[in-house]
Amino acid sequence: MTDGARRAATELLRRRARHDLLAFMAWTWQGAGPFLVGRHTRAICARLTRAVADWERGVSTQLVLSVPFRHGKSEIAKAFQAFFLGRCAAAQPSVLEACYNAELAVDFSKAVRDLVRSEAYQALFPGVLPRPGSNRANLWQLQGSQSKVRATGLINGSSTGFGANLIVVDDYLRGHAESRSKTLKRAIQNAFQSDVYTRQNAPAAIVLVIATQWATDDLIGAIEAESGEGGRFAGFEFLRFPARRAGAYETLFPELYPADWYARQRAALGPRMAAALLDCAPQPEEGGRFDVGKVRLHTDLATWPKAREVRAWDLASSAKERDGVDPDWTWGVRAALTGNARDGWELWVRHAVCCRKEAPERDALIRATARADGPAVGQRIEAYGAYKDAAATLKAALAGVASVRPVRLPGDKTVKAAPLEPLFDAGRVHIYVGPGGMDAATLDRWREDFAAFPEGPHDDAVDATALAYHALADAGSRMLI
């Protein structure tokens, strides 16, 4: 090829890269290895290129892209922001990037800013540069333009007062544990609806949610549930690129991974996680070890046994346990056992309380609850690590009011909870929900902890219930001897 022909070919590629996202990514690629293109890469880039053309015509796009992990979704999302800023520079658009936390969003924003500054980018869009002195990675502006780029966390982030022509939500969940937390998933959905989705500039905007879907009821699931006519997210389009079709793996990205990579990942993840992270088809939660559907609810005490009761406390008060969107809970579960170790036990949960409070407020709740229980109900408080002092303090404070004993069970949480499994399986767990019993919100949290155990974000209700069971069962066993 002559020099003239080479220059002509290069110019053709440059012109194409100014108008086509896939060509733009190839032109500006900064990765350690070569730019590899899979079938999903082509389809996503083609759809996003069309979204920009539609936006230039005043037509909005709302798009959800579900992609297996490690298939380049974040690279596409970052490149798309830079491409949009350059191609549409004359319209001076702004961009909002949101991730599960602000730190990750800022890292992505830095990558976009570095790309805009690169020599390859300037060859396509000369003069589209970050404004001098615009060094805040969470908010920066283009030189001589009203275009701004804002990076924020979905939870505890801030986009107040910021409008955007392009909104990108990438990696809205940190991992598997968070995908099991209904509290956190609700918080993310609410943040998206009220703090991110409402930031769209008129007359048109592009909203892109690009992620690996972890659960049926995470953000993508919530958008899909209300994407029909009249729903909160009406008009969203969904594109999924599963690694598996028709019951067998196809090589979705042979340009990067050998054919057996998918099979190895499936073996490591297990069927349930592979369905979500590889096949873009998360399965409904099945309930883990405890079949909460078999729990028997009682609305009166007519058939409630008159048996010895204890209330067991699982404590949470440290900064690590309190901080964050979904910190741990302190639980106090009041329960009784009937039956015996030989023929089987029946667990009767008369009442439960839970809170997220500092140690003084937490201890005040424990004292008030113990007084309400009365001296007939023994109080059992976990006593290990930082909680040894808490147990001793409460024992002194409740002297003459209730019998308080510190408890420390051997083994990990799964060992402690194991004796409860046959009770759930046999439908031998009872909960009182009548006047003075467990309220609806507390019951929901109790069920959620058991349903997700042992992989859920919280096991505090399980621990407290297990403490109560062991305090009663051990005493009962001794009485049988």
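- Panel note: side chain Trp27, backbone Ala120; a donor-acceptor pair is recorded below 3.5 Å.
- Using modelled atom types and a 3.5 Å distance limit, the side chains of Thr465 and Trp446 yield a donor-acceptor pair.
- Between Arg15 and Glu11 a salt bridge is recorded (basic side-chain N to carboxylate O distance below 4.0 Å).
- Side chain of Ser227 to main chain of Phe233: no donor-acceptor pair is present (N/O by atom type, distance under 3.5 Å, no hydrogens or angles).
- Side-chain contact check for Leu256 versus Trp261: every heavy-atom pair is 4.5 Å or farther apart.
- Proximity of Gln193 to Thr198: side-chain heavy atoms (C-beta onward) are nowhere separated by under 4.5 Å.
- A salt bridge does not link Arg445 to Asp460: none of the charged nitrogens lies less than 4.0 Å from a carboxylate oxygen.
- With Ser109 contributing its side chain and Ala105 its backbone, the two residues share no donor-acceptor pair below 3.5 Å.
- Looking only at side-chain heavy atoms (C-beta outward), Tyr197 and Val169 stay at 4.5 Å or farther from each other.
- In terms of modelled atom types and a separation under 3.5 Å, the side chain of Asp449 and the main chain of Ala461 share a donor-acceptor contact.
- For the 3.5 Å distance criterion, the side chains of Tyr121 and Gln30 fail to qualify, holding no donor opposite an acceptor.
- Between atom CD of residue Glu97 and atom CD1 of residue Ile167 there is a gap of 11.5 Å, rounded to the nearest 0.5 Å.
- In this structure, Asp463 does not pair ionically with Lys416, as no charged nitrogen and carboxylate oxygen lie closer than 4.0 Å.
- Contacts classified as salt bridge (Lys or Arg N to Asp or Glu O under 4.0 Å) and involving residues 63-92 (residues at least two apart or in different chains) are given here: Glu56-Arg87, Lys73-Asp170, Lys73-Asp171, Glu75-Lys78.
- Taking the six-membered ring for Trp and the full ring otherwise, the centers of Phe453 and Phe424 sit at least 6.0 Å from each other.
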